[in-house]
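To start, the structure itself, in structure tokens.
A quick note: this is a predicted structure, and the numbers were derived from the prediction, not measured. Side chains included, hydrogens not; waters and symmetry mates left out as well; all remaining heavy atoms used.
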Amino acid sequence: MTPQRKSLEALSFQAALWLLAALCFVLLVLPTVVVITVSFTSGFSLKFPPPGYSLRWYSALLDAWQLHFAATNSLKVAAWTTALSVAFGVAAALAIARSETWKARLLDSLFMSPLVLPALAFGLAALMFFSVLGLPVSPVTLVIGHVVVCVPYVVRTTVAALAQLNPALLESSASLGASRLHTLRRITLPLIAPGILAGAFIAFMSSFDNVPVSLFLRDARTDMLPIRMWQDLEGKLDVTIAAVSGVMIAFTIAALVIMERVAGLSRRLR
Amino acid sequence: MAATPRHDTTTYDLKLALPLAVFFLAFFLAPLAILLFVSLHTDSSMTAMGITQYVKFLGDPFSLSVLVRTLWVGVEVTALCLLLGLPMAWVYVRAPGWVQSILMLVVLLPLLTSVVVRTFAWIVILGRQGIVNSTLATLGLIDTPLRLLYTEGGMIVALAQVQMPLMVLPLVTALSRLDPNLLDASAALGAGSWRTFGKVVLPLTLPGIIAGCLLTYAASITAFITQTLVGGGQLLFMPMYIYQQSSTLNNWPFAAAISIIFLCAVLAVVSLFNALGRLSSGYAHS
């Protein structure tokens with residue numbers, strides 16, 4: 001190849017790569033920017049660009065009691081789900097990490113399977129299961145269903161954190177006379193805490209955002225925020241939803257930045 | 001696990017996994033077994049057993065077309081995510097530290113933002129008065145707004161954005177493990193950029209590509225919210241089909257049978273990807 005053709009060839013490669021990466025960047029950023037812009041509109045429609053800017057839809061949020069009620073329910077369910085997922089998930093991760101036995105591998109696959117199976121099919125299955133048992137759907141059945149689909153995140157990040165733990169630390173703790181429980185409390189748990197925290201955060205977010213399981217397992221009194229928003233959007237295109245979205249995006253960005261600092265979130269998701 | 005020596009401090013007893021294992025047995029495996037049991041009933045009052053629901057689904061061209069369309073949409077979304085996500089991951093790995101922080105925020109934000117919020121954004125973008133139509137109208141390219149919402153094309157772009165992080169994150173891991181000396185060696189031996197990419201980069205990152213494709217595919221065919229809100233009522237996919245049959249029509253055996261068929265289809269695709277993943281990691285490390 002002549003140098004000129006070669007540079008042309010390299011140039012075409014770089015151009016294609018950067019063009020596609022730029023397109024990907026726009027695709028990822030555009031929705032967030034559009035939602036935040038529209039949420040400050042002074043008009044009554046989702047027209048973009050908005051005819052003018054105001055805070056009216058945010059102040060309308062203050063009176064939207066249905067959304068408040070749904071958001072409170074979602075927060076409660078997410079908090080219970082996260083607490084139970086951490087308790088079950090960390091114990092299970094301690095047992096199956098660093099173990100190569102077939103039992104441990106089998107349990108690992110079992111605990112991860114809700115991540116790839118369609119959650120809607122599981123939601124329907126759980127509804128049938130509870131109705132066969134004669135249990136009416138309630139906030140309790142809702143939390144149980146959420147734990148099944150959220151606990152895999154805690155197991156995954158905790159197993160990954162345990163895999164990076166230097167076994168020499170545990171061995172030296174033991175050789176210095178510390179009991180297993182003492183080593184667990186003073187060495188293992190503090191070192192894997194960021195991994196647990198990252199998993200708990202993702203479990204919380206995914207429970208707060210869950211629709212497919214909530215759709216079947218909530219009762220009439222337990223209105224959940226994503227379902228309320230989804231039903232509002234199917235009926236009419238309400239600008240209040242844009243303001244709710246703006247608030248949720250702001251919280252997500254803040255939580256994301258904090259979690260990145262405290263738990264190194266991005267390293268744990270890969 | 002009795003075989004674990006008591007003095008081994010680096011592993012823990014398998015009994016610690018017992019609470020979660022029992023929980024999964026009771027609230028994950030048992031419900032799936034009930035689902036299978038319900039699907040084996042011939043009528044919605046569940047008096048007689050039989051495989052008529054499966055026969056009904058597999059003999060019905062409409063139901064089959066819903067299944068095929070759902071699986072095909074997954075392929076289209078995954079292909080689009082790979083096409084855009086791979087260059088993004090490539091740029092990320094080569095960018096300076098502060099650019100990496102910004103890019104990681106941009107990639108992670110959609111992953112953690114509520115799916116309803118992300119989908120709502122696409123309704124605003126693709127709507128009649130949305131950003132695409134108003135831009136085209138300002139440029140004088142169109143007189144009447146294009147119908148973008150409730151079309152398959154619009155839905156695929158929206159799904160690709162929603163699932164993009166699941167593709168980019170494994171690709172970033174795979175690309176950052178790539179030895180840069182290999183690229184220099186390939187260039188020194190006379191290969192151009194495209195050839196190096198095709199012959200060195202792609203084969204070595206194949207395990208990451210397959211991992212990303214698996215996650216993106218599984219997430220996009222089950223993305224109920226985005227499918228119903230951006231796809232609209234005319235485009236029916238498997239998750240909505242299950243919901244319609246169970247909640248609106250109360251036909252539990254048929255809804256259960258659709259769910260089992262969907263579960264099996266997803267399991268088949270997952271096994272296929274896993275088999276490919278094992279093959280490719282053997283290839284990449286040989």
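We find the CE-CD1 distance between A:Met229 and B:Ile225 to be 10.0 Å, quoted to the nearest 0.5 Å. Here the CG-CZ distance, from A:Leu110 to B:Phe24, works out to 6.0 Å after rounding to the nearest 0.5 Å. A distance of 5.5 Å separates CG of B:Leu35 from CG of A:Leu124, quoted to the nearest 0.5 Å. The CE atom of A:Met205 sits 8.5 Å away from the OG atom of B:Ser114 when rounded to the nearest 0.5 Å. Separating the CG atom in A:Leu120 from the OH atom in B:Tyr243 is a distance of 9.0 Å, to the nearest 0.5 Å. Atom CG of residue B:Leu111 and atom CD1 of residue A:Ile202 lie 7.5 Å apart, to the nearest 0.5 angstrom.
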Please evaluate residues B:Leu84 and A:Leu27 with respect to the criterion side-chain contact (heavy atoms from CB on, under 4.5 Å), reporting the C-alpha separation (whole Å), side-chain torsions for both, the decisive distance (0.1 Å), and the verdict. CA-CA 9 Å; B:Leu84 297 178; A:Leu27 192 71; 3.9 Å; yes
Under the criterion side-chain contact (heavy atoms from CB on, under 4.5 Å), I'd like the reasoning laid out for B:Thr196 against A:Phe13: C-alpha separation, chi angles, the key distance, then a yes or no. CA-CA 11 Å; B:Thr196 303; A:Phe13 179 75; over 6 Å; no
Evaluate A:Leu265 against B:Leu112 for side-chain contact (heavy atoms from CB on, under 4.5 Å), listing each step before the verdict. CA-CA 11 Å; A:Leu265 187 67; B:Leu112 295 166; 3.9 Å; yes
Start with the C-alpha gap between B:Leu20 and A:Leu107, add the side-chain angles, then the distance that decides, and say whether side-chain contact (heavy atoms from CB on, under 4.5 Å) holds. CA-CA 9 Å; B:Leu20 189 59; A:Leu107 285 174; over 6 Å; no
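Contact annotation: the side chain of A:Pro226 never approaches that of B:Val115 to less than 4.5 Å [non-hydrogen atoms, C-beta and beyond]. The side-chain heavy atoms of B:Leu14 and A:Lys103, taken from C-beta on, include a pair separated by under 4.5 Å. Using a 4.5 Å heavy-atom cutoff, the side chains of A:Leu30 and B:Ile131 are in contact. Side-chain contact between A:Phe25 and B:Pro87 is absent, with no heavy-atom pair separated by less than 4.5 Å. Inter-residue side-chain proximity for A:Pro212 and B:Pro239 is flagged as unmet; no heavy-atom pair is nearer than 4.5 Å.
Between B:Phe28 and A:Phe122, the ring-plane angle classifies as tilted under the 30° and 60° cut-offs. Classified by interplanar angle (parallel below 30°, tilted 30° to 60°, perpendicular above 60°), the ring pair B:Phe23/A:Phe88 is tilted.
The parts of A:Leu184 that come within reach of chain B are both its backbone and its side chain, each placing non-hydrogen atoms under 4.5 angstrom from that chain. Using a 4.5 Å cut-off between heavy atoms, A:Ser131 touches chain B through its side chain atoms alone. There is no contact between B:Leu171 and chain A, counting heavy-atom distances below 4.5 Å.
Residue B:Trp194 places its CH2 atom among more than 12 non-hydrogen atoms of other residues, nucleotides or ligands, all under 6.0 Å distant. When the shell of 6.0 Å around CZ of A:Arg105 is examined, it contains more than 12 heavy atoms from other residues, nucleotides or ligands.
Taking the ring centroids of A:Trp230 and B:Phe224, they lie under the 6.0 Å cut-off.
Per-residue counts of heavy-atom pairs under 4.5 Å with chain A were compared for B:Leu83, B:Leu80, B:Leu18; the largest is that of B:Leu83. Chain B forms the most heavy-atom pairs under 4.5 Å with one residue out of A:Leu23, A:Thr188, A:Val151, A:Val148, and that residue is A:Val148.
Judged by distance alone, the side chain of B:Gln161 and the main-chain N or O of A:Pro31 form no donor-acceptor pair under 3.5 Å.
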